[in-house]
Asker: 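Next up is a structure, given as structure tokens.
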Amino acid sequence: MSTVTTIERFILDQQPEYARGELTNLLYDIALAAKIIAHKTNRAGLIDILGEAGQTNVQGESQQKLDIYAHNIVRQLCDHTGRLCLMVSEEVEEAVPIPDKYSKGSYVLVFDPLDGSSNIDVNVSIGTIFGIYHCVDHERRGREEDALQPARDLVAAGYVLYGASTMLVYSTGSGVHGFTLNPEYGEFLLSHPHLRLPEPPAYYSVNASYYRRWSPGVQRFVDWLEGKEADSPNVSARYIGSLVADFHRNLLRGGIFCYPAEGGRAGGKLRLLYEAGPLAYLIGQAGGYASDGRRAILDIVPTHLHQRVALFMGNRSLVERLETFIRLEDEAGAAEA
Ligand code: FDP
């Protein structure tokens, strides 16, 4: 009989001997939140029967938007455990403090509770993204500064994909490991140990309808991906428009995901702290690379919680080629000026 490895067992086995189990338990908390959110998102197709957000459903319960629901589940499971000093969520403008009545822990949780939520109504896969940092100041209760750290300093990061099946993929710095939720047991089982980006990459993912808003360097790079140059790679286009789903496919098949800056702005649409940062950490752990076009995402120190960033991530050869296109355009622009 083949061995079944539950997520609890795997996380525990990976815990270093000196560890007190705080991080291990925090990861369990997130896995539990993922199961609860998966249960709810699986029923999203029943929305016509159960009532839309803001309405009352047939059981007389008031409906919440699913992303607010997901935020509340994570917050409720994590705020009282003594493992966190602060949370930052896509759904809340300010950092979410740990209430004074609970003891303060040594980790910071940054998360996007339900990314790609515009896809829910059309039954397309969505996801939760999370990152975990050590808090910076152990004396005081959590402050915004504790969260404003570069992704290189992440202790752990991961995502949950609510798709045809629910998967939790995470890393604590020793590879990327994927678990699939077995709905019969209600348990995440190890299904994808030690994920590495395959070579050669198969796909590129970008919303090409924004082509005219991009800088010349990005336009040339996308032309190159599309096969318009003699040395173009043999990659095919795939874009779902749901970050976790696009990321997951490219992680398994190899490729590059691009969300460039538009109209001369420094940032794109995606958020540095709880979208780009954790995924950059994972892609690095899988042998790839993430860049804003000029520097590694892992090195960018956030200046505010909801900061946006241009994002290119995937197989290193493709992302470095993008950086070359941008550098050449920058140099050409400087020579003209
Ligand atoms: P959404 O607006 O549906 O929440 O993070 C936001 C996000 O989705 C990502 O999941 C997705 O990759 C991106 O936006 C899609 O943006 P475009 O529609 O502009 O392509």
Side-chain angles (χ1 to χ4, degrees), residues 34 37 40-41 44-45 47 53 64-71 74 88-93 110-131 151 157-163 166-167 169 203-215 218-219 221-222 225-226 237-253 255-263 265-283 288 290-293 297 302 304-314 319 322:
I37 297 167
K40 192 80 170 179
T41 55
I47 201 103
Q64 284 177 320
K65 273 185 73 188
L66 269 182
D67 35 18
I68 305 287
Y69 173 85
H71 162 84
V74 176
V88 174
S89 164
E90 214 257 297
E91 292 301 325
V92 184
E93 198 55 37
V110 297
F111 65 108
D112 184 349
L114 214 51
D115 186 74
S117 48
S118 64
N119 293 300
I120 294 172
D121 291 348
V122 287
N123 222 345
V124 167
S125 302
I126 45 182
T128 298
I129 307 171
F130 65 90
Y159 61 83
V160 185
L161 174 66
Y162 310 100
T166 301
M167 283 197 67
V169 177
Y203 298 126
Y204 70 97
S205 313
V206 66
N207 189 339
S209 65
Y210 301 144
Y211 185 88
R212 274 183 294 173
R213 304 185 200 164
W214 300 333
S215 70
V218 173
Q219 288 179 337
F221 174 66
V222 175
L225 289 173
E226 286 176 348
R238 291 284 189 283
Y239 188 73
I240 300 170
S242 185
L243 180 58
V244 174
D246 278 309
F247 181 89
H248 185 71
R249 183 204 49 245
N250 289 359
L251 176 62
L252 263 50
R253 298 281 177 262
I256 182 168
F257 175 91
C258 314
Y259 206 111
E262 291 170 10
R265 280 183 303 173
K269 176 183 184 183
L270 302 176
R271 313 294 182 145
L272 174 58
L273 195 57
Y274 42 77
E275 293 182 320
L279 296 180
Y281 176 87
L282 288 172
I283 214 78
S291 168
D292 72 348
I297 295 286
H304 53 275
L305 299 179
H306 301 284
Q307 182 172 338
R308 296 177 195 269
V309 71
L311 178 60
F312 305 88
M313 60 184 166
V319 183
L322 172 270

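When a ligand or atom number is given, it counts from 1 through the structure's own listing order. As the structure is a computational prediction, the values presented were derived from the model and not from experiment. Just so you know, residue 1 is the first one in the sequence shown, and it goes up from there.
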Asker: Any idea which heavy atoms bring Gly163 and Ser125 closest together, and the distance?
Answerer: CA-OG, 3.3 Å
Asker: Taking only heavy atoms of Glu275, which atoms of ligand 1 are found under 4.0 Å from at least one of them?
Answerer: 5 (O)
Asker: Would you mind reporting whether Tyr274 and Ile129 have side-chain heavy atoms less than 4.5 Å apart?
Answerer: no
Asker: Is there a side-chain contact between Thr128 and Ile37 in this structure, where contact means two heavy atoms from C-beta onward sitting under 4.5 Å apart?
Answerer: yes
Asker: Run the numbers for me: atoms of ligand 1, each under 4.0 Å from some heavy atom of Tyr239, listed by number.
Answerer: 15 (C), 16 (O), 17 (P), 20 (O)
Asker: Of all the heavy-atom pairs spanning Trp214 and Ala261, show the shortest one and how long it is.
Answerer: CD1-O, 3.7 Å
Asker: Check this for me - ligand 1, Leu243, N or O atoms closer than 3.5 angstrom, yes or no?
Answerer: yes
Asker: Give the minimum heavy-atom separation between Ile297 and Ala310, together with the two atoms involved.
Answerer: CD1-O, 3.7 Å
Asker: Do you know which two heavy atoms are closest between His306 and Val92, and how far apart they sit?
Answerer: NE2-O, 2.9 Å
Asker: Side chain, backbone, both or neither: which applies to Lys269 and ligand 1 if a contact is any heavy-atom pair less than 4.0 Å apart?
Answerer: side chain
Asker: Tell me the closest heavy-atom pair linking Gln219 and Arg212, and the distance in Å.
Answerer: NE2-CA, 3.8 Å
Asker: Compute the shortest N/O to N/O distance between Gly116 and ligand 1 and return yes if it is under 3.5 Å, no if not.
Answerer: yes
Asker: For atom 3 (O) of ligand 1, grab the closest protein heavy atom and report residue, atom and distance to one decimal in Å.
Answerer: Ser118 OG, 2.4 Å
Asker: Looking only at protein heavy atoms, identify the closest one to atom 11 (C) of ligand 1 and say how far it is in Å.
Answerer: Gly241 O, 3.4 Å
Asker: If you look at every heavy atom in Cys258 and Phe312, which pair is closest and at what distance?
Answerer: CB-CD2, 3.6 Å
Asker: Quick one: does Asp246 get within less than 4.0 Å of ligand 1, heavy atoms only?
Answerer: no
Asker: Only heavy atoms of Asp115, strictly under 4.0 Å: list the atoms of ligand 1 that pass.
Answerer: 5 (O), 6 (C), 9 (C), 10 (O)
Asker: Looking only at distances, can you tell me whether any N or O atom of Asp112, backbone or side chain, sits closer than 3.5 Å to an N or O atom of ligand 1?
Answerer: no
Asker: Going by the order shown, which atoms of ligand 1 are within less than 4.0 Å of some heavy atom of Tyr259?
Answerer: 16 (O), 17 (P), 19 (O), 20 (O)
